[in-house]
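Read the structure below first, then the notes.
Residue numbers begin at 1 in each chain, while the letters A, B, ... track the order of the sequences.
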Number of protein chains: 2
Amino acid sequence: MDGVRRMTKLQEFAGGGGARPAVPFKTLAARLREQIADDIVRGALPPGIALEELELAKRFDVSRTPVREAIRLLVASGLVEARPHRSAVVARATEAQLAGMFEALRELESLCAGFAAERMTAPEQADLRRVHGALQRVVRAGDPQRYHELNEQFHSIIYAGCHNDYLERLTIETRARIAPFSRAQFRTLGRLARSHAEHEAIVRAIMDGKAERAAGAMKAHIGSVHDAYATYRGG
Amino acid sequence: MDGVRRMTKLQEFAGGGGARPAVPFKTLAARLREQIADDIVRGALPPGIALEELELAKRFDVSRTPVREAIRLLVASGLVEARPHRSAVVARATEAQLAGMFEALRELESLCAGFAAERMTAPEQADLRRVHGALQRVVRAGDPQRYHELNEQFHSIIYAGCHNDYLERLTIETRARIAPFSRAQFRTLGRLARSHAEHEAIVRAIMDGKAERAAGAMKAHIGSVHDAYATYRGG
DNA sequence: GCCCGCAAACTTGCATACAAAATGGCATAC
DNA sequence: GTATGCCATTTTGTATGCAAGTTTGCGGGC
């Protein structure tokens with residue numbers, strides 16, 4: 001790119017980090033996809049913003065080719081929209097689409113919870129209780145950011161607990177797809193407490209092995225998250 | 001490619017067809033994705049087969065670039081697996097993965113049916129009845145191929161009837177993802193008749209606006225499809 | 001002042017060239 | 001005869017050049 005040919009470039013990328021010894025090897029495109037997807041989900045790249053190939057290429061010091069491939073990957077996953085000869089943009093969503101995604105997420109998470117109640121192993125249950133306990137402490141401490149992190153763990157444990165890789169993947173992807181639009185939902189301490197109370201019902205149902213109750217509790221939980229978000233957005 | 005520069009190449013592709021006047025314009029990559037995805041779903045490209053870039057490029061008379069982009073699109077959708085520096089292959093699945101996908105499809109279709117019972121418009125309902133009637137005639141005639149086509153229409157109408165674009169898309173993609181593995185399920189006339197009888201219960205529940213009954217009937221239907229497939233595959 | 005048309009600049013789409021890694025075959029050592 | 005390591009071949013990964021399409025802004029006309 002500037003005279004000196006740097007070795008492989010695959011080793012050095014990885015977000016400016018150091019050497020990564022036993023990594024299975026990833027293409028530039030794969031890493032770019034992760035990086036950009038992360039930026040979108042975290043909100044650094046908000047919906048509607050243009051993803052110009054040359055700009056991204058310069059930022060990551062690669063050519064347009066892997067950038068283009070990364071964008072194609074993101075397009076297929078739904079996080080990015082692309083139209084021919086126009087810059088790809090971070091996916092937007094109408095209110096109706098967002099409501100649809102929330103509804104789908106509610107049902108997917110509900111399914112996961114139901115299966116988790118029937119299938120989680122003892123270690124998985126222990127892990128769920130552990131994170132649930134940690135969440136309780138965070139609620140008392142009133143730390144929304146930390147709550148957000150642990151909350152994601154909580155839900156992820158339940159996704160994995162359904163013991164259905166495909167369903168787990170669908171749910172994770174749906175959550176990621178909604179994330180860019182719902183980044184402000186846990187701002188109030190009131191919601192934190194309420195969220196945790198809802199978790200309590202879910203955990204109990206799972207521990208008791210009551211699939212329907214777990215599914216119902218999760219459905220109510222996600223529904224209330226959606227309501228909180230809709231209220232927030234509405235005014 | 002061979003001296004004479006052919007105009008745009010975007011117009012002429014499209015599967016050897018003629019001029020396509022009012023088409024919104026699609027990139028080569030997008031068309032290749034459709035073509036390859038179709039070949040995978042239809043079984044022309046069975047699971048495990050390698051998708052060599054140069055070979056595909058030659059077959060479609062394009063360069064490797066759009067082929068690669070098409071493959072990336074397919075990778076993200078799950079129809080194709082790729083590992084660095086290895087040919088991409090049509091996605092395979094273990095028995096466990098396949099079972100998981102069937103389970104997910106069962107739940108997704110069940111959700112669609114439930115919502116459809118509550119939300120389908122009168123024209124949509126009429127369309128469903130129309131296809132259902134056509135299916136009955138095909139069962140009597142004993143035409144598995146035609147049954148397969150109409151059966152897809154039948155289910156697609158219900159997907160659309162849930163009035164949730166995202167859920168519809170998830171369900172369609174899941175069905176496509178399973179298709180390469182379940183292409184031999186409607187070989188017996190007995191299954192045709194049974195399948196149609198199950199449809200009957202679904203249609204009635206939807207027409208009556210009974211969401212739970214519709215969901216349950218659909219769940220039973222997909223479950224029986226899966227059983228038939230598992231039996232077929234098992235021996 | 002506003003609208004329309006045109007052209008320049010910019011961005012993406014595709015092709016091609018080259019680099020790097022994996023595969024397969026062959027020779028060699030045991 | 002088998003295993004192992006090396007080299008040629010093949011295939012993917014990345015960079016770059018050029019063509020085509022879109023956007024934008026300017027100038028002229030109304």
Starting at [atom1] of [X] and ending at [atom2] of [N], how long is that distance when rounded to a whole Å?
X	N	atom1	atom2	answer
A/L56	C/dT11	CG	P	12 Å
B/E53	C/dA15	CD	P	13 Å
B/K58	D/dT12	NZ	P	11 Å
B/F60	C/dC14	CZ	P	14 Å
B/K26	D/dG21	NZ	C1'	18 Å
A/E81	C/dT12	CD	P	15 Å
A/L54	D/dT16	CG	P	11 Å
B/E55	D/dT12	CD	C1'	14 Å

Parallel, tilted or perpendicular: rings of B/H132 and B/F154 (30°, 60°): tilted

SB check A/R175 A/E152 (cutoff 4.0 Å): no

Check ion pair B/E149-B/R146 (N to O, under 4.0 angstrom): yes

Any A/S87 side-chain N or O less than 4.0 Å from OP1/OP2 of C/dT12: yes

A/E103 side chain to B/Y166 side chain, donor-acceptor N/O pair below 3.5 angstrom: no

Donor-acceptor side-chain pairing of A/S224 and A/R191 below 3.5 angstrom: yes

Ring-ring centroid check A/H221 A/H155, cutoff 6.0 Å: yes

Pairwise side-chain contact, B/H226 with B/S182, heavy-atom cut-off 4.5 Å (strictly under): no

Contact residues, residues 64-73 of chain A to DNA chain D [heavy atom, < 4.0 Å]: A/R64, A/T65, A/P66

Least distance between heavy atoms, B/A76 atom then A/S77 atom: CB-N, 4.4 Å

Between protein and nucleotides 22-24 of chain D, what N or O pairs are separated by less than 3.5 Å?
{"unit_1": "D/dT23", "atom_1": "OP1", "unit_2": "A/R86", "atom_2": "NE", "d": "3.4"}

B/N164 side-chain N/O to A/G100 backbone N/O, donor-acceptor pair under 3.5 Å: yes

